[in-house]
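Have a look at the structure below, then the notes.
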Amino acid sequence: MQPIRDRVIDVIRAGIERAQAEGVLPGFEVPAITVDKPRQEGHGDYATPVAMQLARVARMAPLRIASAIRDHLPEDPSIGSVEVAPPGFINLTLSGPWLASQVDTVLEEGEQFGRPACPRGVRVQVEYGSANPTGPLHVGFARNVVLGDALANLLAEAGYDVQREYYVNDAGTQMRQFQESLYARYAQALGQDVPMPEKGYQGWYITEWGRDIAEAEGRRFLDLPYEEAVAEIGEYGLQRRVLPSVRRDVEDMGIRYDNWFSERTLYQDGSFERAMEILREGGYVSERDGAVWFEATRLGADKDEVLIRSNGLPAYFASDVAYHYDKLVTRGFDLVIDVWGADHQGHVPRMKAMVEALGLDRDRLHLLLYQLVTLKRGGEIVRLSKRTGEMVTLRELIDEVSPDAVRYFLISRSPDSQMDFDLELAVKQSDENPVFYVKYAHARIASVLRLAEASGLSYEQADLGLLEHPSEMALLRHMLQLPEVVLDAAADFAPHRVAYYAYDLAKAFHAFYRDCRIVSSLTEDTEMTKARLRLAAAAKVALARALTVMGMEAPERM
RNA sequence: GCGCCCGUAGCUCAAUGGAUAGAGUAGCGGUCUUCGAAACCGUUGGUUGCGCGUUCGAAUCGCGCCGGGCGCACCA
């Protein structure tokens, strides 16, 4: 379904052009027309300030321009009435019967409601999660995966071809520390006096895994030379402990990735060398103090970045270069979105510079930053560190609070908002989490529809023109906004707007339910019952779409 | 010190540069013998941190302060 707003814009543009054709308005190029939803009741469904914006170029008073446009608007079944208001607004009210008729459209479209008619043919990759694979996911990553997943859903809903990816950082020093730590714990479990590495991972889970592996695999790693043993047990731990645990956690959050991408492969398949070659050819690589640098400052960044450290090992940025070369060039995504915590915000200019140095449009990479969540327990701040093992896992959280409640809580704030998450309150809050309000509305509709069906009421067709109660109209209006909410939220990478939409829609339904008896036992009300059942069914579709975009269940019962 | 983000009702947060800034929650007072009370209704609550600018119009854009968060490694 075309967003209603787009339709309104078309009508207004036609009005301007027709007024120009008749010489009522002077000739000028018609600018982009902005239309917004007035907050004030009585200002119609849509309002445009275009007459005020045209005042200068048309050399006419805004009110006269507005009247001229109004007088030349083409007939459109969706438009009910048009008013001009000082200082020059044009307010349009949608036609009630037309709004009601859209119930059929929503029901026909079903799961397609909210999506544009045609796919955009734009391939987008969203990469999120991507925690160092050195242990279970901690709660700090909850906002990352939930935001990334909702954004991916949202973009897909807006017609993009979306791929969801988890980047497995299985190369580099962090991995090495993990491997050595795991080996030490394993050896210790077998009574060997192998010390933990200096910067090793002290977490309880490493100890546990070391013991597990000792039990399951015996001494086989002990009998290998040290280097080999560390590499082998490290790989074993990564593949059989860390990744399965991460997979399980995100799956229980309702997240399914399309691809798990291994950092290591970048060095094995030549991506790294190819990307480096491009940077070198562009003259962006230099050697200094025994290290190899990417000269990001030449592309406007505040500082350069090390590619190869003086010890000969690639720095993490080298992987980033190769990885983004792979995404943007080898795999050819039109747009790549990385979801990052705001603690990495300082790297953004260098990442953008790198994309440009690869000869690409820097807008093809978008870094979606979210503010870190401050974790609390009864008002006390909890500091997390995988290194020291001081952590709260995502698993602990979702064992206590339903994944949907966690998701809604995290999605419903803009990525820029700093938020506190109190573990002690989380359980209590789950009861009053607005997510249940939305889900309840969906279940409530399902219940009414079940009742209707049990009573043998068929609502395959209805006279939708019977819908005219203010609460019916309000519900219709909210419901039909979904397409533009999806479009706007996707354009701004702002999944939280979907959460607010869902809440408002649920609210409109509850008001309708209060004011309008849906299933009536009186035979003279049968036609009205059918019309209201169809309206309720359409509202259910819209609620389900919003919940699905947020990655949540739309329950038939609860 | 420099950079990015934030500052809106007691609290948690909304609001593509548009008209009289909205929700939730907390507080107070009401509503279940008919479709799900996980719901609904009413009510209290604001100098949008402060100042100056930009323009027909600013919570929104610019500059300067004040306050908070996060960065500023040959770690990731």
Side-chain angles (χ1 to χ4, degrees), chain A residues 5 34-43 47-49 52-53 55-56 62 85-89 91 130-132 134 169 172-175 177 199 288-293 302-303 305-317 319-320 341-349 369-372 374 387 409 412-420 429 431-441 443-452 455 484 487-489 491-492 494 496-497 499-500 503-504 506-507 509-511 513-521 529 532-533 536 557-558:
Chain A
R5 185 184 54 203
T34 60
V35 155
D36 46 40
K37 299 197 66 61
R39 290 193 276 235
Q40 186 70 21
E41 213 156 320
H43 289 162
T48 177
M52 288 175 282
Q53 289 156 347
R56 186 167 293 169
F89 288 101
N91 299 329
S130 305
N132 270 330
T134 57
N169 296 96
T173 30
Q174 301 296 319
M175 197 68 224
Q177 294 297 336
K199 291 180 176 174
R288 199 156 71 227
D289 307 326
V292 177
W293 295 76
D302 50 337
K303 57 175 68 171
E305 188 87 53
V306 170
L307 288 161
I308 312 282
R309 294 183 271 166
S310 53
N311 63 9
L313 295 174
Y316 77 94
F317 189 73
S319 294
D320 278 342
D343 52 341
H344 290 71
Q345 138 276 126
H347 297 292
V348 172
L369 302 177
Y370 60 91
Q371 296 298 315
L372 298 185
T374 306
R387 190 100 67 181
F409 179 78
S412 60
R413 271 85 163 165
S414 110
D416 278 336
S417 75
Q418 293 166 206
M419 52 200 288
D420 293 347
Q429 281 174 348
D431 283 342
E432 53 201 45
N433 187 311
V435 70
F436 295 102
Y437 181 84
V438 178
K439 292 171 76 157
Y440 177 73
R444 203 179 202 187
I445 297 172
S447 166
V448 175
L449 297 181
R450 274 196 303 274
L451 174 81
S455 324
E484 54 202 65
L487 247 42
D488 291 349
D492 296 342
H496 68 279
R497 297 216 197 118
Y500 281 89
Y503 188 90
D504 290 341
K507 189 170 187 167
F509 174 76
H510 287 309
Y513 183 89
R514 172 197 70 225
D515 294 335
C516 303
R517 175 79 199 180
I518 301 173
V519 179
S520 168
S521 50
T529 292
R532 286 178 174 165
L533 282 169
R557 295 186 158 83
M558 56 188 281

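Hydrogens, waters and symmetry mates are skipped; everything else that's a heavy atom, side chains included, is used. Chain letters run A, B, ... following the sequence lines, proteins first and then strands; every chain starts at 1.
Heavy atoms from other residues, nucleotides or ligands lying under 6.0 Å from CZ of A:Arg450 number more than 12.
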Polar atom pairs (N or O), protein with nucleotides 38-41 of chain B, under 3.5 Å:
unit_1 : atom_1 : unit_2   : atom_2 : d
B:A39  : O2'    : A:Arg444 : NH1    : 3.1
B:C40  : OP1    : A:Tyr437 : OH     : 2.4
B:C40  : O3'    : A:Arg514 : NH1    : 2.5
B:C41  : OP1    : A:Arg514 : NH1    : 2.8

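Between A:Leu451 and A:Gln53, the one whose closest nucleotide on RNA chain B sits nearer the 5' end is A:Gln53.
We find that NE2 of A:His43 is positioned 8 Å from P of B:U20, with the value rounded to whole Å. Remark: P of B:C35 and CG of A:Asp515 are 16 Å apart, rounded to the nearest angstrom. B:C11 atom P lies 13 Å from atom CG of A:Asp420, rounded to whole Å. Remark: P of B:G69 and OH of A:Tyr370 are 19 Å apart, rounded to the nearest angstrom.
Every stem involving RNA chain B, taken as at least 3 paired positions in a row under the Watson-Crick or G-U wobble test at 3.5 Å, is listed here: B:1-7 with B:66-72, B:10-13 with B:22-25, B:27-31 with B:39-43, B:49-53 with B:61-65.
Contact check, A:Ser414 against B:A14: a side-chain N or O comes under 4.0 Å of OP1 or OP2. Contact annotation: A:Thr173 side-chain N/O to B:A76 OP1/OP2 distance is under 4.0 Å. Phosphate proximity of B:G36 to A:Ser447: present, with a side-chain N or O under 4.0 Å from OP1 or OP2.
Using a 4.0 Å heavy-atom criterion, one finds that A:Arg497 contacts the sugar-phosphate atoms exclusively. Note on A:Asp289: a base of the nucleic acid sits closer than 4.0 angstrom, heavy atoms only. Residue contacts shown for A:Asp488 are absent, as no nucleic acid heavy atom lies under 4.0 Å away. Residue-level contact check: A:Ala342 touches the backbone only, with heavy atoms under 4.0 Å from sugar-phosphate atoms and none from bases. Within the nucleic acid shown, A:Ala55 has no heavy atom closer than 4.0 Å to any nucleic acid atom. Among the protein residues, A:Ile518 comes within range of the nucleic acid bases, having at least one heavy atom under 4.0 Å from a base atom. If you check every strand for non-hydrogen atoms under 4.0 Å, A:Arg39 touches a base. Looking at heavy-atom distances under 4.0 Å, A:Val438 makes no contact with the nucleic acid at all.
When the P atom is compared between B:C41 and B:A23, the two are found 11 Å apart, to the nearest whole Å. If you take atom P in B:C40 and the same atom in B:G45, they sit 23 Å apart, rounded to whole Å.
A:His496 contributes no side-chain N or O that forms a donor-acceptor pair with the base of B:A15 under 3.5 Å.
Considering only side-chain atoms of A:Met52, the nucleotide from B:C5, B:A76, B:G18 that sits closest is B:G18. Across B:G24, B:A19, B:C35, the shortest atom-to-atom separation from the side chain of A:Pro38 is found for B:A19. Considering only side-chain atoms of A:Arg309, the nucleotide from B:C75, B:U16, B:C13 that sits closest is B:C75. Considering only side-chain atoms of A:Gln371, the nucleotide from B:G18, B:G69, B:C74 that sits closest is B:G69.
For A:Arg444 and A:Phe509, the positive end is not near the middle of the six-membered ring at less than 6.0 Å and at most 45° from its axis.
Here the side chains of A:Leu369 and A:Val348 are in contact, with some heavy-atom distance below 4.5 Å. A 4.5 Å side-chain heavy-atom check between A:Arg497 and A:Asp488 finds at least one atom pair inside the cut-off.
By the 5.5 Å and 30° criteria, A:Tyr500 is not stacked with the base of B:A23.
Between A:His347 and A:Tyr316, the two ring planes are perpendicular [angle over 60°; tilted spans 30° to 60°].
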